[in-house]
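What follows is a set of notes on a single structure, which appears directly below.
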Amino acid sequence: MTEIDAGEPTPETCLRVAREAAALAAAADDKALSAACRSSSRTEAHREEVMHAVHRQAVEAEGHAARAEQWAADPSMPDTALRYCASGAVDHAVRAQEAAGVEATAAALRTELERRLTPQEHAERESEHRRAEAEQEAAERAATGMDADNRHLARMNAYLAESIVPALGWTAGHVRVLEAAVTGRLYQRDGQVRQAAAHDVWSGGRKVSRERTQDLRAAGYLTAVDAADGVSVLVPTPSGQVALELARLHPAGLYESDRAAYEARYARVAKRHKRMDDKKAAARRLPALDGSTVRRYQRPVTLVEQDARAAREATEQWEDEGGYCPGVETPAPAAESTARCPCCGLRKATVSGALAPHKPTRAAAEDCPGSGLCPGVEPRVEDAPAAAAEPAATPVTAGPSLPPGMYFLPLPSTRHREWWAIQCGRCQGGVRTTLSGEWHDKYEAAQVAREHFEDAHRAPDDLLTSEDIAEVERWPLSAAQRTVLFWAEHAELAEYDDGFWALDCVPDRWDVNKKVARGRVTGLWAAGLLDVHLDGNGRRRLVKSPTGRRVARLVWSAERQGVAGAAAKDARLTPLPKRSNGYPLLSEGRYFKGEERREEDPAPAETAPVPTAAVPAVAPEPTTALVRADQPLLRRLFAPRSVRKQRPAYDVRTAIRRPQRILTPEERERVQDMPLLNLQGALIMGITDPVPNASPMPEDAGAWVREHAWPAHFQQEENRYPFGFHRWSMCERGTCWNCLSGRHDICVHRQKGGPDVDGNRDWVTNQQGRTVAEFIPRPGGEPCVWWCRCECPKDGPAPARPTAKKKPAPAGSPTAPEPASVQASATARASEADAVQAALW
């Protein structure tokens, strides 16, 4: 038999307990039998049932006792078998006594089977347990080269690979191409892809499949870097590196041949509503790796890499703290903590929170708590007693914490203040970038670092810290208040004379506007979550402030992680001191500073008179049509300029006459074949008849760039419109939809009182179409505008509204149809405009 563990009963104890339990069960059985024999006709059935129940328990107890004696004689049985039999006999004996209605004395036998360990035995067992765990950890570290956390991470990556690799549709050949790209020797020249024999030798080498390389590059797994002599070096992208690691973890998910991979991709992308050519084209393309998968994958770190990282971080920390200075003794580690001397800038030991005296190497300063250094001050004899005086007590507090990847950069300090800058190691792939600004308060610098981390590098799924949760609790916003913050960023939240409106605030429906409660918007503005942008035309636009963006992001993350939800009622937020006077509402005739109306400008409710000299004598038409008073939002959005407020005299915008494109018969057919939804979008954006600007690139070269250089999602959107979508800038747009319909009196730019001006911004996207950076194409701020190219006037009196066309007379009616009315302001190109209109509708 095996050696007895500490705390376990001996075999002799187990045998004795089993026999005693069987004897107690037999005694209870005898008593139940005697009671059944003495029963009357009234209690006979009940006592007979009790007798059978007690007998069953007694038989089970005796069976456990017999097995205990049998197993005790067998050397191959473990000691736990005897304890199992003894415990079973005790349990059945207790049930027998309870069924017989006698005192359960067998329960006392359980204490003999549960002996408590002595302190010495407990310590020995714990030491043995830790020793076994240490031996197992050492064996696993020697086998894998990783600690427990990274081994768990490797297992999670293996599970992730099992679900991701089959969906990639790869073969072993795709893996070999990426492995060649990882070496840095994969290059392309003259349409041929090869793996160079050595680095920087871009000639010869082993040939690599060009088709697989092109597929991987189109899916975003490879990218090209230009080298000398027209050579393009192919290197893996971050998604390509992650896909390669996952494919190595789960090689069983790769397909045996290109045909099998194509069939698997075809089965995945085939849909009933797709054409056969679209299905085949989608199956030929490799699916791109989703961004969430790239974020979920985390490469395990080996013990060797951890040691190298620790040494590198220790060196960086030593450099951050000042490094080695010749002639200055290296400060020994203090018992309590260290602090930087405000005079000399060196870290010195502290005693009870105060700087300890340290050896000066230059002139001592009278205001140095540690009799430290003051660079640039000449030594004086009378300063010697002051240097030897007892240093004053200066409290030292712990420094603020920074997000991962953010670092403090100490700057040259003045005599009384320290100065700091912030460096970010995430913006440029591990290279530290210094943020703009300098701070003498380290906590203010840390706050700027946290805001930069939240805006630029905080992932949505990162767990919130205790500080973030505390900040979320300070903003108990309701669902309606959160919706207003959402509209301020993703829709257009504006104020008019009749209140606040969210314009086009429903993503899946067109032109849906909703009115917003006044107190809800003004409360968020007073608390600093919203800012007001003055457009200069009597309208105010409300956008998120930096505080509002941070709060909205924290609230969204907290709700997603289940930390905090929306409040039942609107929170009464504390207003900022500068905004405590309240919001100046337009409906009350109040204005922000610098927004007051000029004396020569008419009131908003009045209609600006039109000079008689500007009106032709042949067309004494009214300047504008009446607008219903019960449609305030429509009046503000779609009424002509004179109904709202004439543009000030000092802000005159003259329509720049540009050529109007007349569609050819082929172009008309192309427009007519466009889906109706895309046609409506093209009309609104003015790209049904765009006019390109002069370009040094010929059209065939531009077509080649769009076909080979643009990503797939750009090409898909481009093909939906007859003349493309992404290639047109604001100044290249054509005629507005109202003028195309013959409604020159409500021309879009006549209604707006000016052209559409872009924000002088563009965006750089990755291969998945996600925005990665902001691009400013015109650093000088030159605007790019769109004026409707129709020759109708944009200022002055509006052209007459065309009369409604009468319905055609029914069949057999003798009356002839009336001729179509002619507009009063029709130009020589009216026939061409009618041709354009006929082609578009």
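Numbers for residues simply follow the sequence, beginning at 1.
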* Asked: Between V242 and T293, what is the shortest heavy-atom contact and its length?
  -> CG1-O, 4.5 Å

* Thinking salt bridges, do R450 and E471 make one under a 4.0 Å N-O criterion? -> no

* To do: Would you mind reporting whether R284 and E211 have side-chain heavy atoms less than 4.5 Å apart?
  => no

* To do: Answer yes or no: is there a donor N or O on one side and an acceptor on the other, between the side chain of N150 and the main chain of V301, under 3.5 Å?
  => yes

* Return the minimal non-hydrogen interatomic distance between V233 and A227, and the atom names on each side. => CG2-CB, 3.9 Å

* 4.5 Å side-chain heavy-atom contact, R432 and L409 -> no

* **Main-chain N/O of W786 paired with R733 side-chain donor or acceptor, under 3.5 Å** => no

* Measure the acute angle between the ring planes of F714 and W710, then classify it against the limits of 30° and 60° as parallel, tilted or perpendicular. => perpendicular

* Asked: Run the salt bridge (Lys or Arg N to Asp or Glu O under 4.0 Å) check on E489 and R553 step by step: do they pass?
  -> CA-CA 12 Å; E489 180 178 2; R553 183 171 52 254; over 6 Å; no

* To do: Determine whether D226 and S232 make a side-chain contact, defined as any pair of heavy atoms from C-beta on separated by less than 4.5 Å.
  => yes

* **Considering all heavy atoms, the nearest P692-W728 contact** => CB-CZ3, 3.6 Å

* Short question: side chain of R189, backbone of V231 - any donor-acceptor pair under 3.5 Å? -> no

* **Enclosure of H129 NE2 (heavy-atom neighbours >12, cutoff 6.0 Å)** => no

* To do: Looking only at non-hydrogen atoms, find the nearest pair between G184 and H199 and report the distance.
  => O-ND1, 4.0 Å

* To do: Determine, stepwise, if the pair Q715 / R706 fulfils side-chain contact (heavy atoms from CB on, under 4.5 Å).
  => CA-CA 7 Å; Q715 300 174 3; R706 291 191 294 271; 5.9 Å; no

* Report yes if the side chains of L222 and V177 come closer than 4.5 Å at any heavy-atom pair, otherwise no. => yes

* **Side chain E732, main chain N693, donor-acceptor under 3.5 Å** => yes

* **Backbone of K207 reached by a side-chain donor or acceptor of Q192 within 3.5 Å** => no

* **Crowding at CD, E133 (>12 non-hydrogen neighbours, <6.0 Å)** => yes

* For W170 and Y221, what are the C-alpha separation, side-chain angles and deciding distance, and is it a ring pair (Phe, Tyr, Trp, His ring centres under 6.0 Å)? -> CA-CA 12 Å; W170 284 11; Y221 299 110; 5.1 Å; yes

* Any donor-acceptor pair under 3.5 Å from N157 side chain to Q298 backbone -> yes

* Asked: Should E559 and R482 count as side-chain neighbours, where that means a heavy-atom distance under 4.5 Å?
  -> yes

* Nearest heavy-atom pair of R720 and Q716: which atoms, and what distance? -> CG-O, 3.4 Å

* To do: Report yes or no: does E718 contribute a side-chain atom to a donor-acceptor pair with the main-chain N or O of H726 at less than 3.5 Å?
  => yes

* Asked: Is there side-chain contact between L286 and H174, with at least one heavy-atom pair below 4.5 Å?
  -> yes

* **Electrostatic pair R248-E245, nearest N-O below 4.0 angstrom** => yes

* Asked: Between the main-chain N or O of L529 and the side-chain N or O of S545, is there a donor-acceptor pair closer than 3.5 Å?
  -> yes

* Check: R194 side chain, G205 main-chain N or O, donor-acceptor pair, under 3.5 Å -> yes

* Does any N or O in the side chain of R210 come within less than 3.5 Å of the main-chain N or O of G191, such that one atom is a donor and the other an acceptor? -> yes

* Asked: Is the closest side-chain heavy-atom distance between R285 and R265 below 4.5 Å?
  -> no

* Structure fact -> Closest non-hydrogen contact found for K544 with A552 is NZ-CB, 3.3 Å

* To do: Might you work through the side-chain contact (heavy atoms from CB on, under 4.5 Å) test for I164 and H250, ending with a clear yes or no?
  => CA-CA 9 Å; I164 297 300; H250 187 60; over 6 Å; no

* **Residue pair R259 / Y262, side-chain heavy-atom distance below 4.5 Å** => yes

* **Electrostatic pair E666:R670 at N-O distance under 4.0 angstrom** => no

